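Throughout, protein chains are lettered first and strands after them, A, B, ... in sequence-line order, and every chain is numbered starting at 1. As the structure is a prediction and not an experimental result, all values here were calculated from the model.
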Amino acid sequence: MIENLVIVESPAKASTIEKFLGKDYLVKSSFGHIRDLEKKNLGIDLEKDYSPQYIVPDEKKKIVAELKKLAKDARTVWLASDEDREGEAIAWHLFEVLGLKKDNTKRIVFNEITKDAIQKAIKNPRSIDYNLVNAQQARRVLDRLVGFELSPILWKKVKPSLSAGRVQSVAVRLIVEREREIHAFKSTSSFKVNAHFLTDEKKTTVLAELEDKIKIREHTLAFLKKCQNAQFKVSDIVTKPSKKSPAPPFTTSTLQQEASRKLGFSVAQTMMLAQKLYEAGNITYMRTDSVNLSESAIGMAKTVILKEFGEKYSFPRQYKTKTKGAQEAHEAIRPTYLDKTDIAGATSEKKLYDLIWKRAVASQMSDAALEKTTVTIDISSTPEKFIASGEVMKFDGFLKVYIESTDDEHEENSEKLLPPMKIGQMLNLDYIKATERFTHHLPRYTEASLVKKLEELGIGRPSTYAPTISTIQQRGYVVKEDREGTLREYQEIILKNQQITEQKLKETTGAEKAKLFPSDIGMIVNDFLVQHFKDILDYNFTASVEKEFDEIAIGSVKWTKMIDKFYQPFHKKVTITTETSERSVGERILGKDPESGKPVMVRIGRFGPMAQIGESSDEDKPRFAGLLKGQSIDTISLEEVLDLFKLPRVIGLFENKEISASVGRFGPYLKHDSKFYSLKPGQDSPLTVNLERAIEIIQTKRIEQENKILKTFTEDPDLKILKGHWGAYLAYNKNNYKIPKTISAETITFQECQEIIKNGPSKAKPKRGKKSK
DNA sequence: CAGTGAGCGAGCTTCCGCTTGACTT
């Protein structure tokens, strides 16, 4: 007989709580939800008021059986799942599936894991909140209806196996629209004019910027001419105090952002490391939308700050969550023990822990006090003014520990220390430099900045940010890529020693690192969905249904009513779209082929993005060509398409044989002496690669091939021992054979090789990414 | 492996949110 059985959601949480509760309590974990809608079918009975058809999935059967057995023997069962919509539903599913009884089942909640909080919860049990449960059922059913009715339309109208959903489709939309904004963006340039002055002592320089940028070169030159014999006088000095406050401790989303900005971690990587830290007991729960810290954590932080930095640096504070739709079932992410500055583990874990520690500690520290000084400098020959600004830190406060990063890629930290100056003081001009600067488009999303945007829109939850980002990449809607920048020319005009000189310089622009780009399929699917299901793709759709879920949660709306109101018009739209909409292949007609006069178009074909000259109905067949990597249906020009039809292209002769370049099933390649040599997309293009470079590629590949060979045999020159990615293997007649571990690749004999060949080639790789049933 | 781009149609794909391992290569 067990006195008390407590069920929580996470096993790590279970073991912590067990310590607080003592031997009369057995604490177990449900490992999240224990049942869900049927996997294969819709799982919702549309004839019976949307009645959900729940099943316990196979992987949960074992844990359910165990909990059932324990619950039967327990005097009291405490359902201690999280205090939010999903947590309440978990408690209810447990109640139903385990066959619990009302009189000995108690529902308790706590949103911080401290002894006090848990004991207080035990003293204040309640019963299951069915309104909250119904809000969750509505959420679950709505997501299923949307996902399972939209996806099949895409299978019919675009491509099989695609998917759509309330969260993922909006995430893709953000990326598609940002990409189009970027393409529509026209950069303009203007001249930023910086003056470098010397103070009387000629020891320190003062950097000042002209108030307004100058649009064109001629005006810039005219301005510099005016400055040639001018005098420069300090006309005003304004000093203003300012302060900076620390950021709140981490939530899942802000942790993902900062780990990306400061440590370069992907969203998935951050979560995996945080999970490890959590399981080792080093940090609190890592999937949270709350910035709340427990009283004891605030106390611990104070002790640490007093000891490490002194009283001036301590400033305990409690933060309020501003995030849309936050459920706040947990604390913010923080070290479990704030006095622990270092942990055992891998370097990456240590780095992430350090970040979490700094952010949490800094959040409990004093504001930084700054003093901003703005100096206005008059020019005797013209009314324009130079402005020098500087910043002095009067007290570092939390900045001693932690500075939050931003996503701004073009940040210029011009705030510097200024030497002492007086109003009326004359300054000596060292030189003036006018540099041509360009406006830049909005940045492409990174994984982390996309998470930030989704959170702002109230779309998705801490537990789904990382999976959503991986889903939209897996479906091929979005790719994470680096892109090389292009060289751009800019002008610089300098006035020094009364002389004006001009020069042209070059800089790289538009380079991207680990950014999210939409694919052709991503754009086509997005356009299709936006066209036919505008309301669901609306950025405010989630926010508005969340409001309705809230109504259900307080009991003022019946959940099936809400679903019905949504589903009736939605389903009608699904039916109409299925019946009436065209197949969507993203076709764009670019113009006419100057040679034949036939129309030139691009679209998605059976094997991906392609270009076509002529209609399929024409007497002579249309001509086809695949698009190159990096080209997009959305943006490719007629010229670029016509270039594609120049392939295969003969480049020249090498060793008396022709080298030609083309694009095939596996990308661009060179062909020489009936051997193939892949071209790296982005590095060499089959349209432009020259003979010299082609020969270089062929010779490099030959050397690589040479190095791969570990051993050959005089008995049969076709039989080779090669060095592969996973070690040595045997190659013969275009088949590869695994060498048994009992035989060393170095001493293998010809006889042994023949033995291996007799046993047949190594099996083809099994299909990935699918769990067999 | 490297020329494709059509059509027929079996059987399959798919959502969002809670949670962790157990599996290859």
Notebook entry, point to check: With a non-hydrogen cut-off below 4.0 angstrom, is A:A89 in contact with a base, only sugar-phosphate, or nothing?
Noted result: nothing
Note to self: Students often get this wrong, so: under 4.0 angstrom with heavy atoms, is A:Y285 touching a base, only sugar-phosphate, or nothing?
What the structure shows: sugar-phosphate
Relative to each other, are the rings of [X] and [Y] parallel, tilted or perpendicular (30° and 60° limits)?
{"X": "A:Y130", "Y": "A:W92", "answer": "perpendicular"}
{"X": "A:F541", "Y": "A:F566", "answer": "tilted"}
{"X": "A:Y677", "Y": "A:H672", "answer": "tilted"}

What's the closest nucleotide to the side chain of [X] if the choices are [options]?
{"X": "A:T471", "options": "B:dT20, B:dT19, B:dC15", "answer": "B:dC15"}
{"X": "A:Y669", "options": "B:dT20, B:dT14, B:dA2", "answer": "B:dA2"}
{"X": "A:R140", "options": "B:dC16, B:dC18, B:dT14", "answer": "B:dC16"}
{"X": "A:E9", "options": "B:dC18, B:dG17, B:dC15", "answer": "B:dC18"}
{"X": "A:D36", "options": "B:dT20, B:dT14, B:dC16", "answer": "B:dC16"}

Check: Partners of A:R475 by side-chain contact (heavy atoms from CB on, under 4.5 Å), sequence neighbours excluded?
Finding: A:S163, A:T471, A:Y477
Check: Of the residues in residues 149-160 of chain A, which ones touch DNA chain B at a heavy-atom distance under 4.0 Å?
Finding: A:S151, A:P152, A:W155, A:P160
Notebook entry, point to check: Tell me, which of residues 454-464 of chain A have any heavy atom that sits under 4.0 Å from an atom in DNA chain B?
Noted result: A:G460, A:R461, A:S463, A:T464
Check: What about A:R139: does its side chain form a donor-acceptor pair under 3.5 Å with the base of B:dC16?
Finding: yes
Note to self: Can you build the contact string for nucleotides 5-10 of chain B? Use B for base contact, S for sugar-phosphate-only contact, and - for no protein heavy atom under 4.0 Å.
What the structure shows: BB----
Next item on the list: To the nearest Å, give me how far apart CD (A:E83) and P (B:dG17) are.
Entry: 20 Å
Note to self: Suppose we screen for side-chain hydrogen bond (donor to acceptor under 3.5 Å, both in side chains). Which residues come up paired with A:K28, at least two apart in sequence or across chains?
What the structure shows: A:E66
Next item on the list: Check whether any side-chain N or O of A:K646 sits under 3.5 Å from a backbone N or O of A:L687 as a donor-acceptor pair, and report yes or no.
Entry: no
Item checked: Donor-acceptor under 3.5 Å (A:R166 side chain, A:I536 main chain) -> no
Checklist line | Intra- and interstrand pairs of DNA chain B - dot-bracket, Watson-Crick/G-U under 3.5 Å, | marks other strand | finding: .........................
